[in-house]
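Excluded from the calculations below are hydrogen atoms, water molecules and symmetry mates; all remaining heavy atoms, backbone and side chain alike, are included.
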Amino acid sequence: MVTNIFKSTKSDEFYIQTADKYYFPGDNIKGNIIFDVSKPVPTRHIIVSLESIIEVGGRSTPVFSPQSVFVAKGPEEGKVYELEAMRHSFPFKITIPSSCSLKIPSSLKIKDIVKVAYRLTAIHNRNFTLEKARIATPKIINILEMIDVHEEDYLKTYHDSKEFALTGETREVKVSTIIAKRAAVKRM
């Protein structure tokens with residue numbers, strides 16, 4: 001639920017509904033922007049955008065450029081219109097980028113070390129151009145990598161060994177491991 005600073009009556013509901021819990025690169029995210037308004041509200045447009053971010057050690061970078069689609073706009077391009085007082089449902093479809101050159105990593109968070117996140121954001125742009133006059137609501141989505149455990153890289157036997165000294169010892173100990181297949185599946 002989002003509260004608008006320009007209203008004195010009850011707050012309106014503004015949120016994103018999606019059909020699926022997980023998505024893969026190249027999938028279409030389909031859903032609805034739900035906007036339940038208690039009184040007519042001036043509207044320029046409503047958009048939904050898909051953003052990505054990788055954070056490592058406090059530094060962040062996008063995985064791909066943000067994408068946006070209009071889900072509602074007035075009959076005259078760029079002009080303000082009144083959105084009636086009622087429950088509105090605006091359907092949308094936005095595609096997750098996918099290509100051979102762009103490997104999209106799975107959603108992931110490991111404490112404060114690394115984070116890979118994808119977010120849909122719905123924005124209601126009113127008749128003002130000020131940032132404060134906009135209402136935005138985010139929704140985190142989970143994207144999973146396409147992994148085929150029958151690919152050659154996963155069929156190889158993985159060997160690893162390390163030598164290190166245990167605490168309080170002067171001699172090194174050798175630890176070896178052999179793993180037949182390598183793949184990790186993350187539960188959400």
**Any Leu50 side-chain heavy atom under 4.5 Å of Leu120 side chain** = yes
**Request:** For residues Ile34 and Glu13, determine if any side-chain heavy atom of one lies less than 4.5 Å from a side-chain heavy atom of the other.
**Result:**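 The answer is no; the side chains never approach within 4.5 Å.
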[atom1]/[X] to [atom2]/[Y] distance, rounded to the nearest 0.5 angstrom?
X	Y	atom1	atom2	value
Ile113	Glu55	CD1	CD	13.0 Å
Leu83	Lys39	CG	NZ	13.5 Å
Ile96	Phe64	CD1	CZ	7.0 Å
Glu172	Lys174	CD	NZ	11.0 Å
Asn142	Leu108	CG	CG	11.0 Å
Thr95	Asn28	OG1	CG	3.5 Å

**Message:** Checking His88 against Met86 for the side-chain contact (heavy atoms from CB on, under 4.5 Å) test, could you report, in this order, the C-alpha distance in whole Å, the side-chain angles of both residues, the deciding distance, and whether it holds?
**Reply:** CA-CA 6 Å; His88 299 271; Met86 61 181 275; 3.4 Å; yes
**Message:** Tell me whether Glu145 at atom CD has more than 12 heavy atoms from other residues, nucleotides or ligands lying less than 6.0 Å away.
**Reply:** yes
Got a donor-acceptor contact below 3.5 angstrom from the [X] side chain to the [Y] backbone?
X	Y	answer
Ser89	Asn32	no
Ser107	Ile143	yes
Thr18	Ile16	no

Closest approach of [X] to [Y] (non-hydrogen atoms, all atoms of both residues):
X	Y	answer
Tyr118	Ser106	CE1-C, 4.4 Å
Val71	Pro91	CG1-O, 3.9 Å
Gln67	Ile94	O-CD1, 3.6 Å
Gly26	Ser98	N-CB, 3.4 Å
Thr43	Val41	OG1-O, 3.3 Å
Ala122	Phe14	O-CE2, 3.5 Å

**Item:** Contacts of Lys79 that satisfy salt bridge (Lys or Arg N to Asp or Glu O under 4.0 Å) - sequence neighbours left out
**Value:** Glu76
**Fill in**
Sorted by chain and number, sequence neighbours left out, salt bridge (Lys or Arg N to Asp or Glu O under 4.0 Å) with Lys73 holds for Glu77
Is it the case that one hydrophobic cluster holds both [X] and [Y], taking links as side-chain heavy atoms less than 4.5 Å apart, direct or via other members?
X	Y	answer
Ile135	Ile47	no
Ile123	Val48	no
Ile53	Val116	no
Val63	Val114	yes

**Item:** Qualifying residues under side-chain hydrogen bond (donor to acceptor under 3.5 Å, both in side chains), relative to Asp20, sequence neighbours excluded
**Value:**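 Asp20 satisfies side-chain hydrogen bond (donor to acceptor under 3.5 Å, both in side chains) with no residue once adjacent residues are dropped.
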